[in-house]
Every structure is written in C-alpha cells, then in structure tokens.
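Indexing begins at 1, ligand by ligand and atom by atom, following the structure's order.
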Amino acid sequence: MMPLLEIRHVTFTADNKTVLDNLDLNIQEAEIHALIGTNGTGKSTLARLIMGCEGYHINYGEIFFAQQKIDQYSLQKRANLGISMVWQEPAYFEGISVRNYLSLNKQAELTQCLLSVGLSADDYLDRMLDKTMSGGERKRIELASMLALRPRLCILDEPVSGIDLLTIKNIISVIKQIQLQGSTVLLISHREEIASVADKASLLCGGKVILTGTPEKVIHSYKSRSCIICDGRECNHVNI
Ligand SMILES: Nc1ncnc2c1ncn2[C@@H]1O[C@H](COP(=O)(O)OP(=O)(O)OP(=O)(O)O)[C@@H](O)[C@H]1O
C-alpha cells in the first residue's frame, strides 16, 4: 500500500547545523504514527517542513503526500490538500471567537467538539481566542478544531503540553476520535501514555529515523538505550 505521507532522504540545515540528515519516514493512511525523540532532535522541524512553514525548505530529498510531490508547494496549497497542525505553542487569534474559529454550522456539533476537549459551550463559544484565554485553553480549542476540520493529515505537536493532568484522558480520546473521523495522525510526543495510543511509532535521533515499529517496541528502545547519551548530535543507535 502506498503511504499517505512519504518523506524520502530529507536533509535540512539551519545556521550551518544539520538538523535532519537523510531522513526517511512513511505514514500510512488512517494510522496514528507517533514520532519520539529527545529535545532538539528535530521533531518540530520535521513538522514545519511537512507543513511548508516560512523559512523551512528542505535542502535535499523529497516529500510526497497522496502521491503528489509537495515539498515545493506553499503552506496554503498544502493546507488545501488537507494537511493541518496543532502547534506545540498554541497561537493567539485576535478578534476571533471560539465559535468562528471552529466554524461549524450546527450548535450540537460545536457543543460536542468542545465537550470532547473538556470545555463547556456555554462558557467558551463566545470567548475570544486572544490573551484573555490561557495557553492550555487555547490548546484544547485548537485540538477541538481538528475534530471540526477533519483534515486528511493532522499533525499534533506535543498535544498535551500545557494541558492539566485531569484533562489528559480527554485529549487521548480526542486523538483517537480524530482518527475515527478519518484523519491520519502524526503524533509528536515525549510522553509514553500519549505515544502508546499510536498504531506505529518512529524514533528520531541524530537527524534520522532510526527505528520504526510498535509503540511498545519504540518506547522501550527509547527508554532503555537513552538517546540522551547522544544528545541528538551524534547517534549511537544507528545500528539498532
Ligand atoms: N530555523 C532554525 N534556525 C536555527 N536552528 C533551528 C531552526 N529550526 C530548528 N533549529 C534547530 O534544530 C534543532 C531541532 O529543533 P526542534 O524544535 O525541531 O526539536 P524538537 O525535537 O521538536 O525538540 P523539543 O522536543 O524540545 O520540542 C534545535 O537545535 C533547533 O535550534
């Protein structure tokens, strides 16, 4: 089966530093694929390269989405193909209410979307997504927007950072719900309880994907071989 997202031999250099080095990664349609790796190994950088963010152009390699080569496409064109992301740091949207941001017509759907992330429609629908809302609240609403938007590929970068412990269970079920609604999910997370909801996982180290397998296998390898040793600069694990 052809993967939905295919990253072939991607190299990315920033400030004379090779962040991603001949990286390969395949993500199959409808799977939740967790991407694991220590701080600074390039997980968010890879997400930005897939999205097509400003300043993020691959130096070498190719990125295919649904069999189209997308690595030269603009962010907008990729978004139109159905690639969407919840950022590690949730954004502010001045002048936009939660109701408009979620842009669903039916009140019942809006209510359900917010309930999924543990928020009440009565309290939140008419609030603004600006500085009057906390980071965790904005993050939850961004996650709810994936349920509303139903993108073909949903990239979640550390979906529970800033989320309180009591809400983490809701977020895990939202990730599963996003998949059930038909999205493929690239799930970036350090946290075992989050990564273990995935169908498959990949371990990033030294700018490369060095292992792909079940989340259990990849988490075990990550913990026992401790990528902290190589600190993302020089990988001792390439020969796993
Ligand atoms: N535009 C850029 N300019 C300079 N350095 C960059 C740029 N983009 C990424 N980097 C560097 O690439 C490395 C990887 O960063 P990235 O944020 O992708 O790591 P990460 O794996 O997502 O880390 P974390 O788990 O801490 O979120 C970092 O050392 C970062 O400073």
Checklist entry - Do Asp71 and Arg8 meet the salt-bridge criterion of a basic N to acidic O distance under 4.0 Å? => result no
Contacts table for ligand 1: protein N or O within a distance under 3.5 Å of ligand N or O, distances only.
unit_1	atom_1	unit_2	atom_2	d
ligand 1	1 (N)	Tyr56	OH	3.2
ligand 1	8 (N)	Tyr56	OH	2.9
ligand 1	18 (O)	Ser44	N	3.4
ligand 1	18 (O)	Thr45	N	2.9
ligand 1	18 (O)	Thr45	OG1	2.5
ligand 1	19 (O)	Gly42	N	3.3
ligand 1	21 (O)	Thr41	N	3.1
ligand 1	21 (O)	Thr41	OG1	3.4
ligand 1	21 (O)	Gly42	N	3.0
ligand 1	21 (O)	Lys43	N	3.0
ligand 1	21 (O)	Lys43	NZ	2.8
ligand 1	22 (O)	Ser44	N	2.9
ligand 1	22 (O)	Ser44	OG	2.9
ligand 1	23 (O)	Gly40	N	2.8
ligand 1	25 (O)	Asn39	ND2	3.1
ligand 1	25 (O)	Lys43	NZ	2.8
ligand 1	25 (O)	His190	NE2	3.0
ligand 1	26 (O)	Asn39	ND2	2.9
ligand 1	27 (O)	Gln88	OE1	3.4
ligand 1	29 (O)	Lys17	NZ	2.6

Checklist entry - By side chain to side chain contact (heavy atoms under 4.5 Å, CB included), which residues pair with Lys131, not counting sequence neighbours? => result Tyr92, Glu94
Next on the checklist: Main chain of Thr38, side chain of Lys43: is a donor-acceptor contact present, judged purely on distance under 3.5 Å?
Outcome noted: yes
Next on the checklist: So if I apply the side-chain hydrogen bond (donor to acceptor under 3.5 Å, both in side chains) rule between Ser161 and each of His190, Arg191, Lys139, which one comes out positive?
Outcome noted: Lys139
Checklist outcome for this item: Hits for salt bridge (charged side-chain N to carboxylate O under 4.0 Å, His left out) against Glu29, two or more places apart or cross-chain, chain-then-number order -> Arg152
Checklist entry - Can you list the residues that meet the side chain to side chain contact (heavy atoms under 4.5 Å, CB included) rule with Ala14, with sequence neighbours excluded? => result Phe12, Val19
